[in-house]
Every structure is written in C-alpha cells, then in structure tokens.
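See below for the structure under consideration.
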Amino acid sequence: METILTIENLNKIYGKKVHAVNNLSFEIHKGNVYGILGPNGSGKSTTLGIVLNVVNKTSGNFAWFGGQLDTHDALKKVGAIIERPNFYPYMTAEENLRLVCKIKGIPYSKVEEKLTLVGLIERKDSKFKTFSLGMKQRLAIASALLNDPEILILDEPTNGLDPQGIRQIRDLIKIIAAQGTTILLASHLLDEVEKVCSHVVVLQKGVMLYQGTVHGMVANEGFFELEANDMTRLQTEINQHKAVEKTEIEDGKLYVYLHENLDSAELNSYLANKGIVLSHLVKRKHSLEEQFLQLTNHQTN
Ligand code: ADP
Ligand code: MG
C-alpha cells in the first residue's frame, strides 16, 4: 500500500510545560479517510501544523510520500485548509479561484471542474462576501483541490456550520474520497469521524489512545486481532463462526468484529479444531467509542 505520510515519535512542547503532541506515531496510506479525533486541546491542530510546516516540531520525524521529496516540494501535492477560509470579499467565487490558479500556475479549466464538484457552479458569479459560511468552506475546498492534490487536509471542517451545511460538507468529503483522494481531517466530534472516516487516530492531551479502523473503535462486543501462517484460510474459517459479524485484513492482521460475545479461549479452540495455529491473538474488550465519550465527558461543542 502506498504511504502518503509517516509520523514517527513526534513531540511538540510549547514553552516548557505544554506537551501538546506526545510521542505520536502513525501512517497514512493512499485512498483512506483518516480522522484525528480528540477533545479540544488534544493536539490535533498542532499535529496538522507540524506536517504542513507551519508549526515547528520539538522532536521526532515525519516524511511525506516515502521521503523522496523535500517537504517544500511534497507540500505542493497536499491540499490543506487549516484556517477559516479567506478570499477577496468583493471578487466572485470564479474570480477568486482564477486568481489562485494564476498564482500557482494551474490551468483555468480547473476552476469550473472544482466549482462543479463542490456544488457552487451556479453561484460562480456571486461575490464571496455574499456566501454563507458553508459555501465559503466549500469554496475553500474547491480552492485546495485546484491542483488535484494527493491528499486533502481539513481541520474541523464543519465547525460553526448549520446542520444543512454540516451535511453538505460531509457528503462532499465522501465524494472527494470516492474519487480517490486521500483525506486527513481533525475533529472533536465522534459522530463526524464515524460518518466520514475509514480510519481514526484518537488523541487525548497529545497522547494517542487508539489507531485503527473506525469499525474497530465502535465495535461494541469487542474485536480480535489475529495472525496465522495462512491468513486466507484463517479468514475463511473465522467467517463461519456465528459470533462473527465482519472480518478485514489490514497491515497483515485479521480484524474480527463480533456481534455477540466470544472469548479468546473459545475462539482459539474453535480454530485449533480446524487445524489453525495462531501466531497472534489480542482481544480488545472495551468499545473505544464508549471510552472516548467518557474521556470527553459527552462534550458536544
Ligand atoms: P486541538 O486542535 O486538538 O484543539 P491544539 O493542537 O490546538 O489542540 O492544542 C494542543 C495544546 O497546545 C493545547 O493545550 C493548547 O492550549 C496548546 N497550544 C496550541 N497552540 C499553542 C501556541 N501557539 N502556544 C502555546 N500553546 C499552544
Ligand atoms: Mg484544533
């Protein structure tokens, strides 16, 4: 699988005391939608700022696209919106995007393509200042996509929007992902990450609590991580078990999600009877979803 971004043992300490990012490591692979999920102040924006070269790291490493390019050139293949969208208020949507094309040396034909994608083509001649916040955000997404980046980075993309605006942005993110653009978004909203993302990194006070699939985070009966010599056979056999809802192979491990309880010993003997010897077995018992709600105290804003 093609690696877009690798983060290794990243740390950011502001001043002397605030350990905003604490030994963070994760990887982003092409074609997935990643959420960095954590309550306010958990280090999401700092992490995005570091990999976008607008915040200096304290220690650790990150590398874009396997590290073949220097960060400056790599970032030309990254589209990012980390602040409130800002365009010229008295210029139209189209004029604003044409200006971006001119500055970045992108053909003007991209303007119509991206305005269509974000659903603003009919409003192309309206001045930016007449746009709702949701429309401004969609224009910012169009702008970030003008040069067809490999990855789109969004920091709290639905903050401040009304319910309709929130839905439009979430639907748009899904469309962009379906077209093959990798996405990394930061959000403090569990349901946003559940609805939009395939993968998640959960942060609390800069420390990573979980990384993996969103499925793994929300599985109520827990789930297993398994490895054996013959992964295909392992998957075929385990899919026959009545407690198993769904399985997927990810990074060489088989993830087994359950719809009813199944303990490790039972699973192991079931597989042993089929002649399968496991080289790795971990059961995660608690739903990370519940843990996340507890750690954020059901914070909703
Ligand atoms: P999030 O985006 O998850 O809300 P941030 O990355 O913005 O979190 O902040 C993480 C921690 O770092 C917080 O404690 C915040 O107060 C602190 N912090 C963020 N930016 C700065 C800064 N420029 N100077 C000092 N502390 C900061
Ligand atoms: Mg933030």
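Atoms within a ligand are numbered from 1 in the order they appear, just like the ligands themselves. All residue numbers in this chain count up from 1 along the given sequence. Computed from heavy atoms alone, side chains included, the values below leave out hydrogens, waters and symmetry copies.
In terms of hydrophobic clustering, with Ile, Leu, Val, Met, Phe, Trp and Tyr side chains grouped at heavy-atom distances under 4.5 Å, Ile175 and Leu139 are assigned to a common cluster.
Remark: atom 27 (C) of ligand 1 lies closer than 4.0 Å to at least one protein heavy atom.
Surrounding OH of Tyr88 are at most 12 heavy atoms belonging to other residues, nucleotides or ligands under 6.0 Å away. The environment of Asn273 atom CG is dense: over 12 non-hydrogen atoms of other residues, nucleotides or ligands sit within 6.0 angstrom. More than 12 heavy atoms of other shown residues, nucleotides or ligands fall within 6.0 angstrom of atom CD in Gln240. Open room surrounds CG on Asn56; 12 or fewer heavy atoms of other groups in view lie less than 6.0 Å from it. Counting heavy atoms of neighbouring residues, nucleotides and ligands inside a 6.0 Å radius, atom CZ of Arg84 does not exceed 12 of them.
Counting atoms of ligand 1 from 1 in the listed order, those under 4.0 Å from a heavy atom of Ala20 are 10 (C), 11 (C), 12 (O). Per-residue contacts place Asn40 under 4.0 angstrom from the following atoms of ligand 1 (heavy atoms of the residue considered): 4 (O). Below 4.0 Å from some heavy atom of Ser42 lie the following atoms of ligand 1, by number and element: 1 (P), 3 (O), 8 (O).
Counting protein heavy atoms only, atom 3 (O) of ligand 1 is closest to Lys44 NZ, 2.8 Å. Considering only non-hydrogen protein atoms, atom 10 (C) of ligand 1 sits nearest to Gly41 O, 3.4 Å. Regarding atom 23 (N) of ligand 1, its nearest protein heavy-atom neighbour is Tyr14 CE2, 3.7 Å. Regarding atom 7 (O) of ligand 1, its nearest protein heavy-atom neighbour is Ser45 CB, 3.8 Å. Given atom 8 (O) of ligand 1, the protein heavy atom at minimum distance is Gly43 N, 3.1 Å. Protein heavy atom nearest atom 14 (O) of ligand 1, with residue, atom name and distance: Val18 CG1, 3.6 Å. In terms of protein heavy atoms, atom 9 (O) of ligand 1 is closest to Thr46 OG1, 3.9 Å.
Residues Lys110 and Glu113 are paired through a salt bridge, judged by an N-O separation under 4.0 Å between the basic side chain and the carboxylate. Ion pairing between a basic and an acidic side chain is recognised when a charged N comes within 4.0 Å of a carboxylate O; Glu260 and Lys242 show such pairing.
At least one heavy atom of Pro39 sits under 4.0 Å from some atom of ligand 1.
Look at Asn40 and the Mg ion (ligand 2): no N/O/S atom of the residue is under 2.8 Å from the metal.
A cation-pi arrangement is present between Lys12 and Tyr14, with the terminal nitrogen or guanidinium carbon under 6.0 Å from the aromatic centre and inside a 45° cone about the axis.
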